[in-house]
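So the structure is just underneath, and the comments pick up after that.
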2 protein chains.
Amino acid sequence: MQLENVTSIRRGEEKRRYEDACGLAHALDLIGERWAMLVLRELAYGPRRFSGLKRDLTGISANVLTQRLNELEARGLVRRSRLPPPASVQVYEATQWGLEAVPVIARLGRWAARSPLHDPTLPMSHVSIIMSLQTLISPERAAGVTVRVERNEPRDCAVTFTGSPTAVAGVIHGGAPFETIQVDGDLDLARRFIDLFVLPEKVEAAPALA
Amino acid sequence: MQLENVTSIRRGEEKRRYEDACGLAHALDLIGERWAMLVLRELAYGPRRFSGLKRDLTGISANVLTQRLNELEARGLVRRSRLPPPASVQVYEATQWGLEAVPVIARLGRWAARSPLHDPTLPMSHVSIIMSLQTLISPERAAGVTVRVERNEPRDCAVTFTGSPTAVAGVIHGGAPFETIQVDGDLDLARRFIDLFVLPEKVEAAPALA
DNA sequence: CCGTATCCAATAAGATACTG
DNA sequence: CAGTATCTTATTGGATACGG
């Protein structure tokens, strides 16, 4: 009985930490658990509801999502808040500091895109495709252009790309024809927009097994 | 029997992946397992032997280290090689692509150093303190200075800092007095060297529990 | 609909002993 | 030294049930 209590208390407090002063080890103590960085990714462009997170994080179970959100909140990366009436629903949003990790994990994604094992045909979340616009933009090609990325209702758009995230990614990053999704507005501008983004060069396949 | 075979085959092949085209998700498929990024960190400045890795990755067990190294090798991040005679020992070294992840995970470490939960008094590896010199250098204060970081025997050094990684970190990053370690050579240069490094500002403590 | 809690099965991690 | 083998424990995921 006593021992069981001790165990359960410890479980909540210390979990499985790296006992290491290295900043990276601490980063992994903070956001190294399974799904944690992906939860943060989903919060990159503003507050989200539980059900939306669950839907977009394909494969996560409700109890794990609850646990990750609680941990991130306790560690100061995520805050619960309530949308103003009439919505009045509870949402989760990243704190300022939590948002500062986003460009770093985005660069991690850019690094991984060079992997020969990367499969871009898998489903992806809405946030992922948006984030890819920030990480895959070519500084040279975008010289003189200011690209601002935000989540919003489309208003007065010169061009809109409409479709599933995977299909839109296929057009913007994979060179798929416009017909595979819905592209409205200035098609020439659309083509110039797409040209701003360049996939990083693939690494040669691993020598041994895949 | 048949089913067991299928299970064991699958275990080796697919493990527990995120089925997500997002680059970040793939990065976590590659180096998201426990210890993987820390193994990569240890390889950041050159090849290492198994026993050295095991010693510096405090708390890792031999079987997990073996598994991580095999996975990283299969994924093209790490290569086994053999030191030239007379050493002739087997070592692990990061591939070019693997090394490209290092600055990214280093930035993750810098981000985490802002955490109020970070405890710099914990033990740290030799690699960690070296890496901190790259991540915590202040561009302003180091303007005009070229800092090159490498692993090597000390040769013709104007200043040397000798001590445990934690103690050296205490002097360089924590403002501890020189007497806590061994500092040889030009003490004034040592002081100017230390001034190049600035810890990032702490975030205010998390509101709820720690 | 928005979560939270609980139970169960599958895996990953940790501890330890052991072998070439 | 460089790992394997084995056993135990912890975490994860899936299903489902439950309260607001």
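Quantities reported herein were computed from a predicted structural model and do not represent experimental measurements. Residue numbers start from 1 in every chain, and the chains themselves are labelled A, B, ... in the order their sequence lines are given, proteins ahead of strands.
- Within 4.0 Å (heavy atoms only), A:Ser51 reaches sugar-phosphate atoms of the nucleic acid but no base atom.
- In this structure, CZ of B:Arg68 is placed 12 Å from C1' of C:dG14, rounded to the nearest angstrom.
- For C:dC2, one of the phosphate oxygens OP1 or OP2 lies less than 4.0 angstrom from a side-chain nitrogen or oxygen of A:Arg49.
- Contact annotation: B:Gln90 reaches the phosphate of D:dG3 (side-chain N/O to OP1 or OP2, under 4.0 Å).
- Between the C1' atom of C:dT4 and the CD atom of A:Glu71 lies a distance of 15 Å, rounded to the nearest Å.
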message = I'd like to know whether A:Phe193 forms a side chain to side chain contact (heavy atoms under 4.5 Å, CB included) with A:Leu133, so could you lay out the CA-CA distance, the side-chain angles of the two residues, the decisive distance to 0.1 Å, and finally the verdict.
response = CA-CA 10 Å; A:Phe193 179 70; A:Leu133 298 182; 4.3 Å; yes
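- Across the protein-nucleic acid pair, A:Gln67 atom CD and D:dT12 atom P stand 6 Å apart, rounded to whole Å.
- Close to C:dA12, at under 4.0 Å from its OP1 or OP2, lies no side-chain N or O of A:Arg16.
- Nearest nucleotide to the A:Trp35 side chain, out of C:dA15, C:dG3, D:dG13: D:dG13.
- Interface remark: the A:Asn63 side chain does form a donor-acceptor pair with the D:dG14 base, using a distance-only criterion of under 3.5 Å.
- Taking atom CG of B:Asp29 as the reference point, atom P of C:dA12 lies 12 Å away to the nearest angstrom.
- Rounded to a whole Å, the CG atom of A:Leu38 is 15 Å from the C1' atom of D:dG13.
- In this structure, CG of A:Leu65 is placed 13 Å from P of D:dG14, rounded to the nearest angstrom.
- In summary, A:Arg41 and B:Asp20 engage in a salt bridge, as defined by a charged side-chain N under 4.0 Å from a carboxylate O.
- Here the options are A:Val127, A:Leu57, A:Thr58, A:Ile105, the test is side-chain contact (heavy atoms from CB on, under 4.5 Å), and the partner is A:Leu38; only A:Leu57 passes.
- Using a 4.0 Å heavy-atom criterion, one finds that B:Arg80 contacts the sugar-phosphate atoms exclusively.
- Heavy atoms from other residues, nucleotides or ligands lying under 6.0 Å from CD of A:Glu201 number 12 at most.
- Ranking D:dT12, D:dG14, C:dA13 by closeness to the B:Val64 side chain, first place goes to C:dA13.
- Distances from the side chain of B:Ser61 to the nucleotides C:dC2, C:dA15, D:dT12 place C:dA15 closest.
- Atom P of nucleotide D:dG14 and atom CG of A:Leu57 are separated by 13 Å, given to the nearest angstrom.
- Checked against D:dG14, C:dT4, C:dA13, the side chain of B:Glu33 finds its nearest nucleotide in C:dA13.
- With distances taken from any side-chain atom of A:Tyr92 to the nucleotides C:dT4, C:dC2, C:dG14, the minimum falls on C:dT4.
- Note that CZ of A:Arg79 is 14.0 Å distant from OH of A:Tyr92, once rounded to the nearest 0.5 Å.
- If you measure from atom NZ of B:Lys54 to atom C1' of D:dG3, you get 11 Å, rounded to the nearest angstrom.
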